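Inspection log for the structure reproduced underneath, given as structure tokens.
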Amino acid sequence: MPKVSVRLFATLQRYLPPANIGEATVMDVSPGTTVQSLLGELGVPLEQVKIVMINGIHTETDYVLQEGDRLGVFPPVAGG
């Protein structure tokens with residue numbers, strides 16, 4: 001199974017195990033797993049996802065994860 005590194009930022013961190021908050025979590029994914037399906041497995045509501053990055057490049061949730069990918073997921077951010 002492919003291994004990917006997953007980081008959830010800001011308010012999305014609560015969907016990772018407590019030991020992994022603030023760090024990358026390495027996960028095994030089945031071949032053909034998309035970002036959207038992985039987020040579903042983690043219980044992350046898609047309406048809370050604003051930016052998806054794979055290996056530092058903005059992408060969409062239908063991206064199929066590959067061995068060694070680094071996934072970063074960000075919620076909407078407000079500020080001034």
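Keep in mind the model is a prediction, meaning the values are calculated, not measured.
- Here Asp28 pairs with Lys3 under the salt bridge (Lys or Arg N to Asp or Glu O under 4.0 Å) rule; sequence neighbours left out.
- There is no path of hydrophobic side-chain contacts, each under 4.5 Å, that joins Met1 to Met27.
- Under the 4.5 Å side-chain criterion, counting only non-hydrogen atoms from C-beta, Val49 is not in contact with Val35.
- Within the model, atoms CG of Leu42 and OG1 of Thr25 stand 8.5 Å from one another, a figure rounded to the nearest 0.5 Å.
- For residues 38-51, every residue pair satisfying the side-chain hydrogen bond (donor to acceptor under 3.5 Å, both in side chains) rule, not counting sequence neighbours, is listed here: Arg14-Gln48.
- A side chain to side chain contact (heavy atoms under 4.5 Å, CB included) with Val29 is found for exactly one of Thr34, Asp69, Val4, namely Val4.
- Placement of Tyr63 and Ile57 in two distinct hydrophobic clusters is found when ILVMFWY residues are connected by side-chain heavy-atom separations under 4.5 Å, directly or transitively.
- A distance of 7.5 Å separates CD of Gln13 from CG of Leu8, quoted to the nearest 0.5 Å.
- Taking every heavy atom of both residues into account, Ser30 and Pro2 meet most closely at C-CD, 4.3 Å.
- Taking a 4.5 Å side-chain heavy-atom cut-off between Ile, Leu, Val, Met, Phe, Trp and Tyr, the cluster of Ile51 extends to Phe9, Met53, Phe74.
- Within the model, atoms OG1 of Thr59 and CG of Leu65 stand 9.5 Å from one another, a figure rounded to the nearest 0.5 Å.
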